[in-house]
Amino acid sequence: MERRRLRRLVRRRPGGGGVSPPGASGRTHTPAILPLPMQYLPNDIEPKWQKKWADARVSEIDVTAPGDKLYMLNMFPYPSGDLHVGHGRNYILGDAVYRYFRMQGRAALNPMGWDAFGLPAENAAIKNQTHPRPWTLANIERMKKQFARWGILYDWSKEIASCEPEYYKWNQWLFLQLYKRGLAYRGTAPVNWCPQDQTVLANEQVVDGRCERCRALVEQRELSQWFLKITDYADRLDAGLDTLEHWPEKVKLMQRNWIGKSLGADVDFQVPVLGKALRVFTTRPDTIYGATFMVLAPEHPDVPVLIGDHPDREEIEGWITTVRNQSALERQESGKEGRFTGKYAVNPFTETEIPIWLGNFVLPQYGTGAIMSVPAHDQRDFEFAKQYGLPMRIVVGPASGVWLDVNDLAEAFTFKDETGVSVDSGPITELTVPKAIEKIIEIIEEKGIGKGTVRYRLRDWLISRQRYWGTPIPMIYCEQCGLVPVPEEQLPVELPLDVPFTGRQGNPLAKHEAFVNVACPQCNAPARRETDTMDTFVDSSWYFLRFITPDDSTKIFDSALVDRWLPVDQYIGGIEHAILHLLYARFITCTLHDMGLLNFEEPFTRLFNQGVITKEGYQDASGSWVSPREVEWRDGKPFRGEEPLTAEVTKMSKSRLNVVPPDELIAKFGADTERVYTLFIAPPEKEAAWSDEGVIGAYRFLGRVWHMGVALAEGRGPRAEGRGEAPAAVVRKMHQTIDAVTGRMERFEFNTAISALMEFSNTLGEAVNAGGGGELREAYEALLKLLHPFAPHATEELWEMLGNEAFVLTTQWPVADRALMQEDSVTIAVQVNGKLRGQVEVPAPAVEATVFEAVFANEKIRAWVTDKQIVKQIYVPGKLVNLVVK
RNA sequence: GCGAAAGUGGCGGAAUUGGCAGACGCGCUGGACUUAGGAUCCAGUGGCCCAAAGCCGUGUGGGUUCGAGUCCCACCUUUCGCACCA
């Protein structure tokens with residue numbers, strides 16, 4: 001094949017250097033590297049370097065010292081106990097970035113802490129008849145050891161754990177500040193109740209109508225609970241997304257959808273029998289001439305009056321009760337249902353009477369809980385109208401002017417944009433939809449029957465939980481004074497530890513007399529403490545501020561220092577927090593800004609979401625998960641004994657028995673191998689399938705780097721004489737690699753950064769194998785530096801072996817010399833009508849315009865420079881090849 | 001249903017701005033060294049073909065272009081997110 005031959009020609013050109021001699025029989029094995037006097041045994045060296053880093057406190061940083069600050073942060077984990085290689089991806093990735101920035105000379109802060117409150121600890125305590133605290137603390141210790149064994153450098157002098165009073169005191173303080181400003185309130189609302197976990201949940205914690213944590217069906221209950229008024233910040237949280245240039249679009253979109261900003265209008269419809277108006281919210285006020293009926297949520301406050309004298313009142317009330325008791329999921333699945341109230345409202349534009357219905361598809365929490373129905377132009381209204389035989393009226397037509405007839409409609413025609421034109425709509429007739437909306441809002445406002453409005457889907461954040469293991473809400477109920485906040489000087493309200501865990505009848509805090517009974521801070525009369533605790537997402541909504549001054553017992557944080565170190569420059573964590581944690585953290589940061597405590601509103605400048613690691617799991621016919629140890633393979637299919645199994649690739653989880661614990665892996669190959677493999681496996685933001693076989697590739701790579709280093713250190717490399725020049729190809733490759741890896745580190749392209757290092761290592765290995773030819777050591781040391789973020793232990797050991805004193809970590813990241821990246825010559829191949837016409841070798845700096853004019857003039861030719869680094873292919877229609885060095 | 005992202009060898013994945021498709025690695029095949037090798041090293045490895053020559057190849061069908069994995073149109077598939085939000 002032409003192309004292949006061409007490539008070979010190019011690769012073997014003189015001066016290319018380092019290319020192995022061809023031919024199986026002719027190949028001689030240079031003993032420069034083999035046989036090996038010193039094996040790569042990671043487990044001999046890794047703990048040693050972990051200890052050295054710890055002893056030297058290399059990762060501790062003085063936040064008051066000057067420097068080019070950089071705040072790196074991995075989302076602090078829930079201390080659930082054992083970490084598997086899937087968790088490792090997150091932390092290994094963060095550590096690689098941290099080490100890279102350190103080598104770039106940045107004053108990089110990389111703290112770690114524990115999101116230590118929460119249900120699993122409580123459930124474990126119930127199961128094991130212990131207390132959540134020792135369980136949690138033991139897990140923390142285990143996980144710290146695992147982090148260390150991965151070679152991850154956190155600044156442990158900044159460690160925090162949210163379950164400690166020193167931390168949650170400030171949670172309570174924050175709550176009191178919010179309460180003072182009216183941003184924390186107690187209110188009664190239909191809330192999500194998880195019967196399994198015996199607690200209420202935030203809307204964000206309900207997924208597909210089920211509890212995010214335990215998957216139980218969530219029930220609706222009318223309860224009095226604590227809320228944070230995140231809705232006050234809906235507009236800012238929405239607008240702020242536009243400023244987050246370095247956040248994944250996906251996350252911003254998810255937040256935008258969750259906030260659910262809608263522009264529209266509130267409009268009053270008079271109801272003569274009520275003697276007042278019912279207000280509706282609509283995003284399509286331009287369709288108001290087509291509003292032929294009105295639908296209220298069954299929960300709407302005016303419903304009892306409307307149906308008070310209805311002959312079938314009891315039946316309707318029964319239906320309302322049924323709907324109210326349904327979960328959101330059941331309510332939707334039961335289809336559209338409604339009841340006619342027997343009453344009428346007046347459409348303010350057509351001035352006709354329109355019937356008022358109740359409908360289960362109208363949600364009480366959104367808008368005004370009442371809608372004007374325009375069946376011709378809204379699919380939901382259309383379905384409802386068809387079902388109950390309600391009238392329709394077409395008020396929007398296509399701009400193209402095609403006639404529409406009500407009887408022809410098989411579905412609603414929405415025409416959301418300029419493609420639609422108002423029809424039969426008084427003053428807005430013939431206006432396009434956007435213009436019609438603008439105009440009708442003007443008229444509505446002139447008439448004083450409503451106004452243009454912005455509505456949000458976002459609802460207030462329900463933060464109270466009827467569970468023990470969380471931050472006590474610092475409020476007191478006094479019969480005389482009502483709700484009384486705990487005075488700040490009495491904080492923290494400590495969580496009592498002498499509590500039995502039976503797992504029965506709700507929150508054990510409520511039965512702790514010494515905790516509950518308290519004197520009212522205002523009147524000193526006997527009073528009762530709030531026994532609800534806070535959602536743990538409150539704990540994590542501001543923890544990144546606490547890392548700067550974790551031990552300050554006098555204030556939540558130091559504003560001046562926080563303003564210096566924050567926003568967090570690089571935040572790393574899973575996509576599962578796209579809405580919950582990240583929205584709450586943004587909200588709380590805004591409130592602290594408004595309190596004058598911060599000079600910024602957005603806490604995280606750059607956000608990165610790593611993908612999950614998946615692995616095959618095996619299920620038997622009954623759907624139970626089978627341990628991979630029991631699986632036998634026959635004809636490429638999995639079996640357990642005679643029983644066929646099904647294989648499914650899923651996220652690693654204990655329940656699916658597909659987790660890969662790092663211990664065995666590290667014992668066999670070392671942490672560096674796991675680190676390199678984990679980052680090499682796939683682009684870090686993508687889901688990646690773990691392959692036990694694939695790990696060996698990373699190990700071999702490190703082994704080759706190791707053996708090369710041993711050879712150089714023992715003087716078997718050319719360094720012994722310290723003379724001569726490294727082959728030009730090695731120097732060139734070094735600069736190309738430095739350039740490539742640096743860019744890829746910045747862009748989080750770790751998989752290709754590592755592949756570039758593998759290529760460089762191969763080039764270097766060939767040069768060493770071939771007996772070198774000069775100064776290979778400089779190139780090798782550059783390789784060690786570039787490799788350090790991925791394989792910190794091996795590179796430190798090799799660095800030392802070569803006689804260097806300081807850590808690789810504290811050296812400077814190499815800088816590429818662009819001039820030396822260039823090839824000294826390039827081969828230009830010329831293709832004419834698909835055939836290789838010839839090739840010309842030219843010195844790289846001389847690749848200029850007229851080189852080929854004489855040779856290939858007057859032909860339709862295709863020409864390109866064969867080395868990608870220099871120039872691209874260029875098409876020249878007939879006359880002149882015009883090549884330019886980039 | 002709505003929204004977003006993605007479809008490239010046996011597998012994970014490469015391929016600035018359209019310019020040598022399959023880098024790098026796994027696996028596989030052959031070899032070296034070995035008592036042995038599931039260690040290590042070397043070579044080969046997109047498909048058709050004994051091989052060469054040649055032809056075909058980035059989900060499918062069109063289009064733009066000297067040139068398309070990349071750009072445009074239509075479709076198919078997968079994954080993720082939202083899901084009666086008026």
Side-chain angles (χ1 to χ4, degrees), chain A residues 1-4 6-7 10 20 22-25 27-29 33-36 39-40 207-208 248-251 253-254 256-258 260-262 264 280-284 287 295 328-329 331-333 335-336 359-363 365-374 378-381 383-384 455-459 575 578-579 676-677 680-683 686-701 703-704 707 743 749 751-759 761-762 769 829 831 833-834 860-868 871-878 886:
Chain A
M1 185 186 184
E2 276 312 333
R3 285 166 175 172
R4 188 151 291 163
L6 181 63
R7 189 181 330 169
V10 171
S20 305
S25 57
R27 169 160 272 289
T28 52
H29 292 272
I33 293 182
L34 292 170
L36 306 167
Q39 291 291 332
Y40 172 48
V207 177
D208 296 334
E249 287 303 319
K250 181 180 173 152
V251 173
L253 188 68
M254 282 167 72
R256 212 165 253 130
N257 290 340
W258 187 262
K261 182 177 183 172
S262 292
V280 303
F281 171 66
T282 176
T283 55
R284 292 296 300 278
T287 63
V295 189
L329 199 66
R331 182 166 176 159
Q332 190 176 339
E333 281 172 354
K336 288 191 176 50
N360 64 348
F361 70 102
V362 178
L363 305 173
Q365 316 90 325
Y366 186 75
T368 60
I371 61 167
M372 64 175 211
S373 274
V374 186
D378 182 283
Q379 187 59 23
R380 295 153 300 183
D381 297 346
E383 287 167 23
F384 195 77
R455 294 275 182 185
Y456 299 92
R457 209 184 76 117
L458 186 68
R459 276 167 250 148
I575 188 77
I579 295 173
V676 169
Y677 176 68
F680 179 64
I681 183 172
K686 273 194 67 171
E687 189 178 289
W690 185 268
S691 148
D692 291 323
E693 294 83 46
V695 175
I696 196 77
Y699 182 69
R700 283 183 195 143
F701 165 55
R704 281 195 295 273
H707 296 143
E749 295 165 0
N751 57 327
T752 50
I754 290 170
S755 77
L757 291 170
M758 287 173 169
E759 281 186 56
S761 154
N762 290 343
N769 248 344
Q831 216 178 17
N833 298 329
K860 188 168 181 177
I861 58 169
R862 213 176 282 185
W864 68 87
V865 176
T866 52
D867 198 300
K868 296 174 208 171
V871 190
K872 293 186 257 188
Q873 285 184 1
I874 293 176
Y875 172 72
V876 183
K886 201 154 71 169

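As the counterpart of G61(B), C73(B) is assigned, both hydrogen-bonding distances of the Watson-Crick or G-U wobble pattern falling under 3.5 Å. Base-pair partner of U16(B): not found among the strands shown (Watson-Crick or G-U wobble, both distances under 3.5 Å). As the counterpart of A43(B), U29(B) is assigned, both hydrogen-bonding distances of the Watson-Crick or G-U wobble pattern falling under 3.5 Å. In a base pair of the Watson-Crick type (N1 to N3 plus N6-O4 or O6-N4) or a G-U wobble (N1-O2 and O6-N3), with each distance short of 3.5 Å, U35(B) is matched with no nucleotide. Pairing for G3(B) is with C80(B), a Watson-Crick or G-U wobble pair whose two hydrogen-bonding atom distances lie under 3.5 Å. When both distances must be under 3.5 Å, the Watson-Crick or G-U wobble mate of G67(B) does not exist. Across the strands present, G54(B) finds its partner in C48(B); the criterion is a Watson-Crick or G-U wobble pair with both atom distances under 3.5 angstrom.
Residues Ser262(A) and Thr283(A) come closest through the heavy atom pair CB-CG2, 3.9 Å.
Within the 4.5 Å cutoff, no side-chain heavy atoms of Ile681(A) are placed close to those of Asn751(A). Looking only at side-chain heavy atoms (C-beta outward), Asn762(A) and Arg704(A) come within less than 4.5 Å of each other. Contact of the Arg284(A) side chain with the Val374(A) side chain is not registered, since no non-hydrogen atoms from C-beta on lie closer than 4.5 Å. Side chains of Lys261(A) and Arg256(A) form no contact here, defined as non-hydrogen atoms less than 4.5 Å apart. Contact of the Phe281(A) side chain with the Ile371(A) side chain is not registered, since no non-hydrogen atoms from C-beta on lie closer than 4.5 Å.
For the P atoms, the distance linking G59(B) with U65(B) amounts to 23 Å, nearest Å. Rounded to a whole angstrom, the distance from the P atom of G25(B) to that of U45(B) is 14 Å. The C1' atoms of G22(B) and A14(B) are separated by 7 Å, rounded to the nearest whole Å. A gap of 15 Å separates the P atoms of G3(B) and C73(B), to the nearest Å. Nucleotides C80(B) and G69(B) have their P atoms positioned 30 Å apart, rounded to a whole Å. Of the C1' atoms belonging to U40(B) and U78(B), the separation is 41 Å, rounded to the nearest Å. Using atom C1' as the reference point in both G38(B) and A4(B), the two lie 44 Å apart (nearest Å). The P atoms of C42(B) and A51(B) are separated by 26 Å, rounded to the nearest whole Å.
Within the 4.0 Å cut-off from OP1 or OP2 of C24(B), not a single side-chain nitrogen or oxygen of Thr752(A) is found. Applying the 4.0 Å criterion to OP1 and OP2 of A83(B), one finds that Arg457(A) has a side-chain N or O inside that range. For G25(B), the OP1/OP2 oxygens have a side-chain nitrogen or oxygen of Asn762(A) closer than 4.0 Å. Note on Asn751(A): a side-chain N or O is less than 4.0 Å away from OP1 or OP2 of A14(B). For Arg700(A) and C26(B), the shortest distance from a side-chain N or O to OP1 or OP2 is below 4.0 Å. One finds a side-chain N or O of Lys686(A) lying less than 4.0 angstrom from the OP1 or OP2 phosphate oxygen of G13(B).
Nearest to the side-chain atoms of Val362(A) among the listed nucleotides G27(B), A86(B), G12(B) stands A86(B). Of the candidate nucleotides C80(B), A23(B), G81(B), A23(B) has the atom lying nearest to any side-chain atom of Glu759(A). Closest to the Lys336(A) side chain, of the nucleotides A86(B), C84(B), G25(B), is C84(B). In the set C26(B), C82(B), A86(B), C82(B) carries the atom at the smallest distance from any side-chain atom of Ile579(A). Side-chain atoms of Lys250(A) lie closest to C80(B) of the nucleotides C80(B), A83(B), C82(B). Between A14(B), G12(B), G27(B), one nucleotide has an atom nearer to the side chain of Glu693(A) than all others, and that is G27(B). Distance from the side chain of Arg704(A) is smallest for C41(B) among the nucleotides A86(B), C84(B), C41(B). In this structure, of G3(B), C26(B), C84(B), it is G3(B) that holds the atom nearest to the side chain of Leu253(A).
Between Tyr699(A) and Asp378(A), it is Tyr699(A) whose nearest contact on RNA chain B lies nearer the 5' terminus. Comparing Arg331(A) and Ala688(A), the nucleotide of RNA chain B nearest to each residue sits closer to the 5' end for Ala688(A).
Within 4.0 Å of Glu687(A), counting heavy atoms only, lie sugar-phosphate atoms of the nucleic acid but no base atom. Ser262(A) comes within 4.0 angstrom of the backbone, heavy atoms only, and of no base. Within 4.0 Å (heavy atoms only), Gly694(A) reaches sugar-phosphate atoms of the nucleic acid but no base atom.
The CZ atom of Phe680(A) sits 13 Å away from the C1' atom of G27(B) (whole-angstrom rounding). Residue Met254(A) contributes atom CE, which lies 10 Å from atom P of A83(B) at whole-angstrom precision. Taking atom CD of Gln379(A) as the reference point, atom C1' of A83(B) lies 15 Å away to the nearest angstrom. What separates OH of Tyr366(A) from P of A86(B) is a distance of 3 Å, to the nearest Å. Taking atom NE2 of residue His707(A) and atom C1' of nucleotide A39(B), one finds them 11 Å apart after rounding to whole Å. Distance CG (Asn360(A)) to C1' (C84(B)): 9 Å, rounded to an integer number of Å. Atoms CZ (Phe701(A)) and P (A39(B)) sit 19 Å apart, rounded to a whole Å. Residue Ile696(A) contributes atom CD1, which lies 17 Å from atom P of G37(B) at whole-angstrom precision.
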Requested in this report: Evaluate the ring pair (Phe, Tyr, Trp, His ring centres under 6.0 Å) criterion for residues Tyr677(A) and Tyr699(A): first the C-alpha distance (whole Å), next the side-chain angles of each, then the deciding distance (0.1 Å), finally the verdict.
Outcome: CA-CA 8 Å; Tyr677(A) 176 68; Tyr699(A) 182 69; over 10 Å; no

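The glycosidic torsion of G9(B) lies within 90° of 0, placing the base in the syn range.
How far OG1 of Thr282(A) is from CZ of Arg455(A): 11.5 Å, rounded to the nearest 0.5 Å.
Below 30°, between 30° and 60°, or above 60°: for Phe384(A) and Phe361(A) the angle between ring planes is between 30° and 60°, a tilted geometry.
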